[in-house]
Amino acid sequence: MENMAQPRRNVTSEDIVSAHESERESLLDGGDDDDFFLKGPAPNPIPLAGATKLSQVKLQVEEVTNVMRENVSKLFERGDRLEELQGTIPKNMHRLKAACECLGFHFDLSWMDEGGTSKRTESVILNEEEALQILKSFNFEEAILNEFMEDVSMKLHNTVIPKFWKLLELQEASEPFAVFCDAVHELSSSLRGVLARVPLMERLRPEKWTKCGQTTVLGLLKLHLKTELKSQRPLHYKNLLIQFYSRAFKIFHHRREIGVNQELKVLGLLECLVGDVLTSIVHETIQNHVQATCKGSFDVSHVDGLEKWLRKVVLDWFTIILGNPGDTFLETLEARLLQFLFETYTHTRMEQLFTIVIEFPESQPALEDLKECLEKTNLRTQLIQSLKAALQTRLLHPGVNTADILTAYISAIKALRVLDPSGVMLELACGPVREYLKTREDTVKRIVLCLTDEYYGDLTEELGKVDGSGGTRAAGGTQGNKGSHEPMEVRVGDWQHWMPDPWDAAPPSIQSLLPASENPSDVYKNRSADIVSMLIGIYETKDKFVTEYRTILANRILRLLSFESKKETRYLELLKLRFGESLLHNCEVMLKDVADSKRINAFIHGLKEYGMPEFPSYPVESMIVSDQFWPTIREEKLELPASVKEHLDIYTKAFEMLKGNRTLHWKTQLGIVHMDLELEGGRTINLMGKGLIREVNGDKFILVEDGYREEKPNLSLTTTSEDDDEANGYMASASDQHQEKLQVYWTYIMGMLTNIESLTLEKMHSMLRMFTLQGPQLEECTQAELREFLDQKVRNHELMFVNGSYRLVKKG
Amino acid sequence: MKVKIKKWTGVAVWKWTANDDSCGICRMPFEACCPDCRIPGDDCPLVWGQCSHPFHIHCIMKWLSSQQMAAAQLCPMCRQGWRFR
């Protein structure tokens, strides 16, 4: 039979053997043939060939018979077995079917019955236990589980989930609270049947069973549910959930809603369906709450209150929604929400930081809150950037006057000290402010005014505060900055409390690291410096401040002429601690002049019996000034009445008597006159000579200073008017001094115009430049300055400006 | 209308009544003080020699003390024998 399967083949050893056999057979069968050896070779070979062919066929028949015989025997064997089987199948099938049915599956097993070998017995009622046993014995668990999952999936996909979303979608417009509740109830109840079967399935589950990463049937079921739910969700489902939970949050003691959450939780849907909605609602709630709490109130600390609120309100709500999720879960949740709270708070405060800084002493609690939060959040850089931007947009533009910028800067120094004692934050955030202040012309003046006049701010106190620590500084020597080593020493002594600079601190400059450097602690000094040093540090040199102070001091003395130097002396002493004595030497002499003048006045008036001349009608006092040490006093020619001159001469004589070889030159434009004005009506008004008086026809007058006006405002003449502003005081200002320098050009210009008659501004400027190159005494001046100068000359009727060129006014 | 002055408070600059502006020794203005002083005026007065040349007292004293022989004490300006006036 094998041969038949392979019709074409080569001759094998088997064939040879079988050939021998067949040969032998044929030999044996041929009974009539004699022994070859006895009879000799056969006389006729042809009949021999025919016999071989026959035997071959015979052989094949034999073979077939053998195979058939074998097959039949096998068939018989199997038949016996089949009979056996046919007896058992119906019985087992029945049990299996019953078991399946018991577990709620209905398989179509009718094909079994059609076999008809045995009658269907009456349905077997099995209990679950038995059913499980049966299924297990048939190794049927896997199939049943698969069937179960298939079943559930179909149900979910086709009915349950679409229904759920439909419920939500359909009634979107109506009451969301009820809608959601209903939908969840519906979902829950439709799944109840399925869930009830899960425990059985669970028991059916083999020991080591995994599917889609789940090891339990319930897990798998929930996974299916989630997948289906998510795959079918409509676009805007979140709105509804947000509405629901927002409301739920507002009335979170509502019982019904807890049921909903419980149902969702049972289904394992709470996290996947509403998780992010909950998070976003809570975040929003926190944000709103923080913003509402922090709105505009900087004088109360809020962090503790907010933390309490979070624990009490938000976390409680979560506990209610999530049932009892376990301590670890709550702890992580709390930590996360707290972090979020801090971040929100920091962000809120960040937006308000500018205002907080401006309102500094009142906003201290807010700053301390912020400091606490900054330690917990990673928003430091952002905070600095935002403050920097706020300062830039709200402070550093021409619309803000320098005094306000300074006030803000001082507040910022104080406020950021609270936030970051190392001063790095201040350095980073206020860098632009310092740079900007440098570009303002009146910065120095404002700072000095702040320092030495209570009227302009609280810096005078600040100046005084340093007295204690600064006293030791200046005691070291006349050089003010000699004391700058001190902070370093403090650091060395305090090494146990040393903290590295924050990471965003600028690296110390190379200079300050060099041992040969004069001030190795410059960096530290700058950061930990007090407010006054910070302000002074805006400029590289202290000279500017000293010069400005000198001018201000001079103006103050000459304006008040009170001969009281006590207060100024105190400031001077304090300033000396800052700037060093040598720089302030001039001011010292100025104050000494005040004291000396007071003494000399007393002398001249008090010692008449010692030959001092008497003043005929009124006493004269004088502020006697050491010209070399005062700022240049603006020169102004004012011819005084003869009687006044007389009085002044008497004073001069007295002085000359008192101080041999010295005399006085009066600055007639300066001074105070006490006088009475006697009017026709008999009224006598005591006036300070400086007051601005406007006389109106006859006996009417107007005191402009008080803004007081008589009814008839037809002003006829102005008697006196004097610039009272301290800013434009008696001292020649820098621009005045520049004007004086320009005056040098005047002779050149006169000469040029005499020769050439008329010149344009450009021509004149270039010609003057030529002169400037030759003469070193002439300072370079810009075209604009020259124009200003020339225009002034035009106003004074010394020049004419005709057709774009200047010419001299013709005399006569 | 009558104006009656009750008191006049003026401002004046004091000057030395010298025929020169600055000290020939320290080259500082007379109204300033010599380099060793801090306060001008009474604390750093001028002195005149017989030759009528004025100097800061500290300047001329220093000069005179630097001269070896008392007889050779001359005015730095005019080389006449120095004598205080």
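Letters A, B, ... mirror the listed sequences (proteins, then strands); counts begin at 1.
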Assert top hit (heavy-atom pairs under 4.5 Å, partner chain B, pool T652(A), D596(A), N661(A), D627(A)) equals N661(A)
With a 4.5 angstrom heavy-atom cut-off, which part of I600(A) approaches chain B: side chain, backbone, both or neither?
-> neither
The interface call for Q628(A) against chain B, heavy-atom contacts under 4.5 Å, is side chain
Given the rule in the side-chain hydrogen bond (donor to acceptor under 3.5 Å, both in side chains) test, do W630(A) and D593(A) qualify, once you have shown the distances and angles that lead to the verdict?
-> CA-CA 10 Å; W630(A) 286 62; D593(A) 281 345; 2.9 Å; yes
Heavy-atom check, side chain of R38(B) versus side chain of E588(A), under 4.5 Å | yes
Please examine the side chains of L74(B) and Q80(B), heavy atoms only from C-beta on, and report whether any two atoms are closer than 4.5 Å.
-> no
Decide yes or no for F629(A) and K592(A): does some side-chain heavy atom of the first lie under 4.5 Å from some side-chain heavy atom of the second?
-> no
Using non-hydrogen atoms and a limit below 4.5 Å, what part of residues 9-29 of chain B faces chain A?
-> T9(B), G10(B), V11(B), A12(B), V13(B), W14(B), K15(B), W16(B), T17(B), P29(B)
Could you check whether the rings of H647(A) and Y618(A) sit parallel, tilted or perpendicular, using 30° and 60° as the cut-offs?
-> parallel
Could you tell me which residues satisfy side-chain hydrogen bond (donor to acceptor under 3.5 Å, both in side chains) with E573(A), sequence neighbours excluded, listed by chain and number?
-> K576(A)
Is it the side chain or the backbone of K667(A) that comes within 4.5 Å of chain B heavy atoms, both, or neither?
-> both
Looking at W8(B) versus Y651(A), is the centre-to-centre ring distance below 6.0 Å?
-> no
Is a side-chain donor or acceptor of Q73(B) paired with a backbone partner of L64(B) at a separation under 3.5 angstrom?
-> yes
